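In this text, all values refer to a predicted model and were calculated from it rather than measured experimentally. Below, all heavy atoms of this structure are taken into account, side chains as well, without hydrogens, waters or symmetry copies. Residue numbers start from 1 in every chain, and the chains themselves are labelled A, B, ... in the order their sequence lines are given, proteins ahead of strands.
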There are 4 protein chains.
Amino acid sequence: MRKRDREATKARLLEAARLRFAREGYDATSVRDIAGDAGVDAGLIFRYFGNKKRLFDEATADIPADLLDGPEEELVARMVRSVIFADWTRYGGEHPLVAMLRSSAHEDTRQRIREEVCTTYVSALENLAEGDDAELRAELLSAWLVGIGILRSVVATPALAKADLDDLAPHVAAVAAGLLGRPMSGTTDA
Amino acid sequence: MRKRDREATKARLLEAARLRFAREGYDATSVRDIAGDAGVDAGLIFRYFGNKKRLFDEATADIPADLLDGPEEELVARMVRSVIFADWTRYGGEHPLVAMLRSSAHEDTRQRIREEVCTTYVSALENLAEGDDAELRAELLSAWLVGIGILRSVVATPALAKADLDDLAPHVAAVAAGLLGRPMSGTTDA
Amino acid sequence: MRKRDREATKARLLEAARLRFAREGYDATSVRDIAGDAGVDAGLIFRYFGNKKRLFDEATADIPADLLDGPEEELVARMVRSVIFADWTRYGGEHPLVAMLRSSAHEDTRQRIREEVCTTYVSALENLAEGDDAELRAELLSAWLVGIGILRSVVATPALAKADLDDLAPHVAAVAAGLLGRPMSGTTDA
Amino acid sequence: MRKRDREATKARLLEAARLRFAREGYDATSVRDIAGDAGVDAGLIFRYFGNKKRLFDEATADIPADLLDGPEEELVARMVRSVIFADWTRYGGEHPLVAMLRSSAHEDTRQRIREEVCTTYVSALENLAEGDDAELRAELLSAWLVGIGILRSVVATPALAKADLDDLAPHVAAVAAGLLGRPMSGTTDA
DNA sequence: AATGAATGAGCTTTCATTCAT
DNA sequence: TATGAATGAAAGCTCATTCAT
């Protein structure tokens, strides 16, 4: 029996859910796993969140988006940092989008990923792209970010897994410039 | 006659397994689904393959690799074509790697994807990259391919979903050149 | 004041319990339903009544019995009126006995129905029956009343569901007379 | 492990289901109870019947109706015999309709009872009733049969519980004649 | 060797009930 | 005392897997 503090318990359940869902995906995670991690009874999940799906939605709902704060030419660099160097401890060390891709068997989840990718990444990049087919180029750049996230944390290829932001900087600059048609910085100030 | 049937049945099971696993992922696919698709009893899966996991491994083992046939400067273009335009009917229309990522909840699968990505894509690209950190650059390019495959078929972002090879050609050339440090073609002959 | 509230809350819980149990039966009614209807926390049910079963017993304990007030020859007519035309709003519009039959899965409840039927209906009718096997005839008449209640409100057969007391009057007189061996009225004064 | 005979197992499950549902009602019966009674695993219920509700429907579907075979004036007597003296061992010793009333919390079941009562009892009796409001009188007689069944086996009132067909014969004749407006026999040949 | 009946563990979810505050 | 957080035992149902025939 726990601290009998509703908000704290909800928070612990969300925390545990985030980690499990991120690491193992929706189907491979049972509500008992999550409740066990949180140290409470599984029944509380249903009392507090209604059902497993809603817990998932709530647990993966808080993708932060402060990407727009800062100089335009550093946007891509900020995105790379966000995708692979930010502290996503709560999502098992991975970017939430990469984590959610684990659960992409369900169309619902795919739709949420799509919206997230489009509103957060593609639309921001689209504004920077010169010329026509800006949307396509923005998506191609987003694809790169997603691919980097996956290769680094899901697949764990050797070089990417141990690279740091400085290692990536020149390549970020090169690819971003090539796709957006304008010079971009590979590093960030922060 | 007996042997024939056995082999034919195994083949049908593998075929069905490939499609189901690709489209719905490992967890969301039941052995009964697969057996049903193949028109045989589920018991045969255990007789022939031992268990579900081994069926999965066998079903996803045949990623073909004729990528090296052809001019070097078209390698990346061939890879893009392979990732998103080849006829992966047997894998539900997606590249096998993308399909396998659906089932990446299990470390086993991740390992297999890693091996595949490294031996087939990274190593081939590494040979083309000039200068040091060739491996990292090869991985970054592989990441792009993987990301494109995912955004196109899993996430289905609008522009990528309807792009064809010609739309991508100039961007392929630009990015590949930027990362590999040498001029690359965006199209293929074939 | 404290006591007042406690009593008022108990009363509201009993009220809500009566309706739910009557309409949906014991098993299909949850203590949270009842507490919700009464606007209080479910815990109070256990504080006040001990457990669900005792709440049920208490909620269904007050079957009124003013059937004996009035002329003897109108007794059966009064019973019919009581069974199907009285205002059993508190029991979901049905006679409490019919409502309790919904919960007759438990022997306890059956016993309580038996006592109620025997003390309230059978014994009153037995006094009116001429000749021997008076008890049997009284029970047969009680059976009719129960059957009418059930067909009317549980099963909802078409003719009975829309009949009023006048439609039934001649048949009540005929059957009562046939079973009791003496002339009975089919209508009541009230 | 049992005899590995699908039909025999299905039959045993239906048998066990009939008894449990009849005695305890739908809600109070668990699929594990039924499977336990039948000596097999509960999973088979879902394999063979789909779900609990369909098992219930199938288990209670076989209400026989040979009531029309025989002389018209003995119809009511045959019905009484059917309701309370036939060997309903498979339904826990009660007439299936009475047994189904235990599960009348669900509108589905009520509807099935209504149809059964109307097509089997009311319509047969309606043909015998003279004059107008024949339907109402047929329903009133059906109500009596239902009431008798309930008082005898659910409530178990003393006189009815130990009566035999001969004890009831004169009363059957009297009530049937009173409601149908024509002489009826209280006994049957068979 | 092949079929499909049977199994049992585990899933999400509900519910009566307890107990800390 | 009263609130509501927490619990644990079931419930219906699915699934990979085994094994008699």
Side-chain angles (χ1 to χ4, degrees), chain A residues 1-10 13 27-35 38-55, chain B residues 1-3 5-6 9 26-35 40-55, chain C residues 2-3 5-6 9 26-35 40-55, chain D residues 1-10 13 26-35 38-55:
Chain A
M1 183 180 341
R2 279 284 153 182
K3 271 192 53 197
R4 223 158 264 267
D5 173 338
R6 182 190 175 99
E7 289 313 312
T9 301
K10 277 189 70 169
L13 281 169
D27 287 321
T29 298
S30 80
V31 295
R32 279 186 160 83
D33 288 338
I34 295 169
V40 299
D41 187 88
L44 289 187
I45 287 177
F46 301 93
R47 179 159 307 287
Y48 291 157
F49 302 96
N51 57 33
K52 184 186 178 184
K53 179 57 167 48
R54 284 217 282 274
L55 170 61
Chain B
M1 167 81 106
R2 219 136 325 188
K3 183 140 175 290
D5 282 347
R6 182 189 169 97
T9 301
Y26 184 82
D27 288 319
T29 298
S30 80
V31 295
R32 279 196 150 76
D33 288 338
I34 296 169
V40 301
D41 186 87
L44 288 187
I45 286 177
F46 299 90
R47 169 161 300 279
Y48 292 160
F49 303 96
N51 58 30
K52 184 185 178 184
K53 181 57 169 51
R54 286 217 281 275
L55 169 60
Chain C
R2 221 135 322 189
K3 183 141 177 286
D5 281 347
R6 182 189 169 99
T9 301
Y26 183 82
D27 288 319
T29 298
S30 80
V31 296
R32 278 193 151 76
D33 289 337
I34 296 169
V40 301
D41 187 86
L44 289 187
I45 286 176
F46 299 92
R47 168 162 299 280
Y48 291 160
F49 302 97
N51 58 29
K52 184 186 179 183
K53 181 57 169 52
R54 285 219 281 276
L55 169 61
Chain D
M1 186 181 340
R2 279 284 154 180
K3 270 192 57 198
R4 222 157 263 267
D5 173 338
R6 182 190 174 99
E7 289 313 312
T9 300
K10 277 190 71 170
L13 281 169
Y26 184 82
D27 288 320
T29 297
S30 80
V31 295
R32 283 184 162 86
D33 288 338
I34 295 169
V40 299
D41 187 88
L44 289 187
I45 287 177
F46 301 95
R47 179 161 306 287
Y48 291 157
F49 302 97
N51 57 32
K52 184 187 178 183
K53 180 56 168 49
R54 285 218 280 273
L55 170 60

Quick one: [X] [atom1] to [N] [atom2], roughly how many Å, whole number?
X	N	atom1	atom2	result
D:L55	F:dC13	CG	C1'	13 Å
C:K52	F:dA10	NZ	C1'	13 Å
A:D33	E:dT13	CG	C1'	16 Å
D:D27	E:dA16	CG	C1'	15 Å
D:F49	E:dA5	CZ	C1'	14 Å
D:D5	F:dC19	CG	C1'	16 Å
D:E7	E:dA5	CD	C1'	12 Å
D:L44	E:dG4	CG	P	15 Å

Given DNA chain F, 5'-ward residue of the pair A:G43 and D:Y26, judged by closest heavy atom: A:G43
Contact nearer the 5' end of DNA chain F, comparing D:D41 with B:A42: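 Its nearest nucleotide lies further toward 5', so the answer is D:D41.
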Counting distance alone, no hydrogens or angles: does the base of E:dG10 have a donor or acceptor under 3.5 Å from a partner atom on the side chain of A:R32? no
Indicate whether OP1 or OP2 belonging to [N] is found under 4.0 Å from a side-chain N or O atom of [X].
X	N	result
B:Y48	E:dA1	no
D:R6	E:dA5	yes
A:S30	E:dC11	yes

Rounded to the nearest 0.5 Å, what separates atom OG1 in A:T9 from atom CZ in A:R4? 9.5 Å
Between C:G50 and A:G50, which has a closest nucleotide on DNA chain E that is more 5'?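 Looking at DNA chain E, the more 5' nearest nucleotide goes with A:G50.
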Of the options [options], whose atoms approach the side-chain atoms of [X] most closely?
X	options	answer
C:R47	F:dA20, F:dT7, F:dA2	F:dA2
A:V31	F:dA16, F:dA2, E:dT12	E:dT12
A:F46	E:dT17, F:dT17, E:dT12	E:dT12

Just jot down the side-chain hydrogen bond (donor to acceptor under 3.5 Å, both in side chains) partners of A:D41, sequence neighbours excluded, or say none. none
Going by the rule side-chain hydrogen bond (donor to acceptor under 3.5 Å, both in side chains), which residues pair with D:D33 if we only count those two or more places apart in sequence or in a different chain? D:S30
Identify the heavy atoms of A:L13 and A:I34 that sit nearest to each other, and give their distance.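 Answer, listing the atom of A:L13 first, then A:I34: O-CG2, 3.7 Å.
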Check DNA chain E for consecutive Watson-Crick or G-U pairs with both distances under 3.5 Å and list the runs of at least three as stems.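 If one scans DNA chain E for consecutive Watson-Crick or G-U pairs, the stems found are E:2-21 with F:2-21.
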Please list, one pair per line, the donor and acceptor atoms closer than 3.5 Å that link side chains of residues 45-52 of chain D to other protein atoms, with sequence neighbours excluded.
| from | atom 1 | to | atom 2 | distance (Å) |
| --- | --- | --- | --- | --- |
| D:N51 | OD1 | D:K53 | N | 3.3 |
| D:N51 | OD1 | D:R54 | N | 2.9 |
| D:K52 | NZ | D:Y26 | O | 3.0 |
| D:K52 | NZ | D:T29 | O | 2.8 |

